[in-house]
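Here is the structure we will look at.
Remember, it's a predicted structure, so these values are computed and weren't measured experimentally. Protein chains get the first letters and strands the later ones, always in sequence-line order, with residue 1 at the start of each. Atom set for the values below is all heavy atoms of this structure, side chains included, hydrogens, waters and symmetry mates excluded.
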There are 2 protein chains.
Amino acid sequence: MTVTLADVAARAQVSPATVSRVLNGNYPVATATRERVLRAVDELDYVLNGPASALAAATSDLVGILVNDIADPFFGIMASAIQSEIRGPGGRAGGERLAVVCNTGGSPERELTYLTLLQRQRAAAVVLTGGAVEDCAHKEAVGAKLSKLAAAGTRVVLCGRPPAPEAIALTFDNRGGAQRLTEHLIGLGHRRLGYVAGPEERTTTRHRLEGHRAALAAAGIEDDPRLTVHGGYDRRAGYEATLELLRREPSLTAVVAANDTVALGACAALRAFGLRIPEDVSVVGFDDLPFAIDAVPALTTVRLPLAEAGARAGRIAMGREEPPPGGIAMVPGELMVRGSTGAPRD
Amino acid sequence: MTVTLADVAARAQVSPATVSRVLNGNYPVATATRERVLRAVDELDYVLNGPASALAAATSDLVGILVNDIADPFFGIMASAIQSEIRGPGGRAGGERLAVVCNTGGSPERELTYLTLLQRQRAAAVVLTGGAVEDCAHKEAVGAKLSKLAAAGTRVVLCGRPPAPEAIALTFDNRGGAQRLTEHLIGLGHRRLGYVAGPEERTTTRHRLEGHRAALAAAGIEDDPRLTVHGGYDRRAGYEATLELLRREPSLTAVVAANDTVALGACAALRAFGLRIPEDVSVVGFDDLPFAIDAVPALTTVRLPLAEAGARAGRIAMGREEPPPGGIAMVPGELMVRGSTGAPRD
DNA sequence: TTGAAAGCGGTACCAT
DNA sequence: ATGGTACCGCTTTCAA
């Protein structure tokens, strides 16, 4: 049968309480005793029972990370950064925390389901990453869940989505970044810009679009609604949206994509159309994904220190860093131009 | 305080046992009773206590997925597919399983640590993805851990690494794929091929390299050791290894990369050197990542049905699919040529 | 079909 | 510094 703490106690000739104290290291234990216990642990090849421990202590070592699309490197980088931040002291039983990466696929229902699952597991912390769905009912449901989680002692962090009273937030400057991206193209002389937006009803989609429109307005360019096409935050969506843009307005000289993954799809569509980048059409994308660098020499991106943002989220989640004033930290975008986005042809 | 199962029982005027049976749905309960219980659950907003449940039932709903690099889309795709496969009936309390994506970073120690953590959590299943480290001691340690996990009722699946007696394996044809990749270039007339290998002591690295060498040998091309450079499975490593290759042999006409991410780095390095792809140098990579498609029109890849492989791993992990004969299933690669890898210049 | 009650394996308070 | 021991909340025989 499986070895229990009592077995270890018996072998080390101490009480279960002492073994527990040694294992958790949060209580003074005589050195000789500790060694005896550790030896017994080793000899019996004892492994702590997580559920039992979590039950008794009313908390677990799990840290939930909700992402909209785990196959998107954007979230992989975030998750990676958070994960590398949650290790270290403070956790139970050896200080090892387990990151639980949950893939919501952008679905509101699954988001709630996962939050319930994490609540059920008595997670130590929960980090929600990426844009949030802008649906009133859903927003309320999530808010209620987060409140309950927080009340139960789970630390809650929002990363890349608007702040909420229930949690600490780490936000990106989506509006500002998008605005500067479009300004950059306008500065090069572009006037007919296609915009490949993200999914409707997503905060990131709306904010970035607002930034784009602000830049157009500031330059006195009419905002033709036909030049904005919505779709998912994936490559295929970028591909199809761009084809649609070309159908609607074959003479456009630049395409702004709501994120890098979408930008890749846009590039593919342009090429499929026989257009060269950036000689015929310039393409810019939001975010700063390593792989996008190679997609096309002239890809321009707004650099978001994603890894750093993720690391900060992790630190905040684990309570190592003082929550920012008002519970909100803003991570500004930093414009980065790679190669040259060409000037318009005609 | 938090609502417990006993509270629900009291409100529904039944015993805790009945509530438990309703929640787990694995026992006959009168319809009227069930409804009364469910109403109480709803009214009290009851959430099952996972640890308590796991403790009593001696098993949990957690499914561990070990990946070498969560920021690499390759693993994101795998994890995503597995995650979407593990839902459904069979799990405890509502059939909802929680995928735990663990990022080992390719480190043997962390791999073992995570396995221990999952063992501690009494995980329902564990899926190890990607190439394994080829160190005898480590291999033994992992084998021992897996045996214990299996003995404790955890299903163990290996996906993309060599089979082991302790588990069911789902393998890729690394040797064959790599061989055909190189054969393809040789067929185009290339004779001076650089090979950007993965990290040393990794099964995938060795097998793909073996395939490459087999192709060279079959074509009667000398295997110059200077034309093989090792590095990590990331973009930066591919970049640096390619620079090193160019330094050693400026006249090479093609580069074979051990995976797509590395291929991207190789492309970047060639461009930094002022070389055009594929006019000056052809590049091919292993795997089939969506983003790689856009990196350069002529990128050639070996197509691995990653999502399907991941899904199968998930199914096997959950016992929905019969383990393959001998516990091993082979997922063959399928050569896919995109655009044209050019013939050598001279 | 339902209830009673004995664990499951630790934790942490209270003693000593 | 260490031991004794009530719980933690749910599952699951065994009875009724």
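- If you take CG of A:Leu5 and P of D:dT5, they are 16 Å apart, rounded to a whole angstrom.
- You'll find the side chain of A:Leu66 reaches within 4.5 Å of the side chain of A:Leu118, heavy atoms only.
- Using a 4.0 Å cut-off, no side-chain N or O of A:Thr33 falls inside it from OP1 or OP2 of D:dA1.
- Residue B:Arg122 contributes atom CZ, which lies 17 Å from atom P of D:dT11 at whole-angstrom precision.
- For residues 307-317 of chain B, every residue pair satisfying the salt bridge (charged side-chain N to carboxylate O under 4.0 Å, His left out) rule, not counting sequence neighbours, is listed here: B:Glu85-B:Arg315, B:Glu308-B:Arg312, B:Arg315-B:Glu321.
- Taking atom CZ on A:Arg34 and atom P on D:dA1, their separation rounds to 10 Å, with Å as the unit.
- Whole-Å rounding puts the A:Asp7 CG to C:dC8 P distance at 11 Å.
- Put simply, CD on A:Gln121 is 13 Å from C1' on D:dC10, counting in whole angstrom units.
- Distance CG (A:Leu55) to C1' (C:dT11): 10 Å, rounded to an integer number of Å.
- Atom CG of A:Leu23 is separated from atom P of C:dG9 by 15 Å (rounded to the nearest Å).
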Quiz: residues 35-48 of chain B side-chain donor-acceptor pairs under 3.5 angstrom, not counting sequence neighbours:
| from | atom 1 | to | atom 2 | distance (Å) |
| --- | --- | --- | --- | --- |
| B:Arg36 | NH1 | B:Ala12 | O | 2.5 |
| B:Glu43 | OE1 | B:Arg11 | NH1 | 2.8 |
| B:Asp45 | OD2 | A:Lys148 | NZ | 2.3 |

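- Among the nucleotides C:dT2, D:dT2, C:dG10, the one closest to the side chain of A:Thr4 is C:dG10.
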Counting only pairs under 3.5 Å, give me each side-chain donor-acceptor contact of residues 132-141 of chain B, with atom names and distances, residues two or more places apart or in other chains.
| from | atom 1 | to | atom 2 | distance (Å) |
| --- | --- | --- | --- | --- |
| B:Glu134 | OE1 | B:Arg206 | NE | 2.7 |
| B:Glu134 | OE2 | B:Arg206 | NE | 3.1 |
| B:Glu134 | OE2 | B:Arg206 | NH2 | 2.7 |
| B:Asp135 | OD2 | B:Ala137 | N | 3.3 |
| B:Asp135 | OD2 | B:His138 | N | 2.9 |
| B:His138 | NE2 | B:Pro108 | O | 3.3 |
| B:His138 | NE2 | B:Glu111 | OE1 | 3.2 |

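- When the C1' atoms of four end pairs are superposed on the next four at each end of the helix from C:dT1-D:dA16 to C:dT16-D:dA1, using five pairs per end, the two resulting axes differ in direction by 30°, to 10°.
- Residues forming a side-chain contact (heavy atoms from CB on, under 4.5 Å) with B:Arg155 (at least two apart in sequence, or on another chain): B:Ala125, B:Ile168, B:Pro323.
- A:Ser15 is linked by a side chain to side chain donor-acceptor pair (under 3.5 Å) to A:Thr18, counting only residues two or more places apart in sequence or in another chain.
- Between B:Leu158 and B:Thr171, every side-chain heavy-atom pair lies at or beyond the 4.5 Å cut-off.
- Residues satisfying the side chain to side chain donor-acceptor pair (under 3.5 Å) criterion with B:Ser147, sequence neighbours excluded, are absent altogether.
- With sequence neighbours excluded, no residue satisfies side chain to side chain donor-acceptor pair (under 3.5 Å) with B:Glu166.
- Phosphate contact (OP1/OP2 of C:dC8, side-chain N/O of A:Asn49, threshold under 4.0 Å): absent.
- Counting to the nearest Å, the P atom of D:dA1 and the CG atom of A:Asn24 are 17 Å from each other.
- Shown for residues 12-22 of chain B: residues whose heavy atoms fall under 4.0 angstrom of DNA chain D, namely B:Ala17, B:Ser20, B:Arg21.
- Proximity note for A:Ala56 (side chain, C-beta onward) versus D:dT2, C:dG10, D:dC10: the nearest is C:dG10.
- The phosphate of C:dG10 has OP1 or OP2 within less than 4.0 Å of a side-chain N or O from A:Tyr46.
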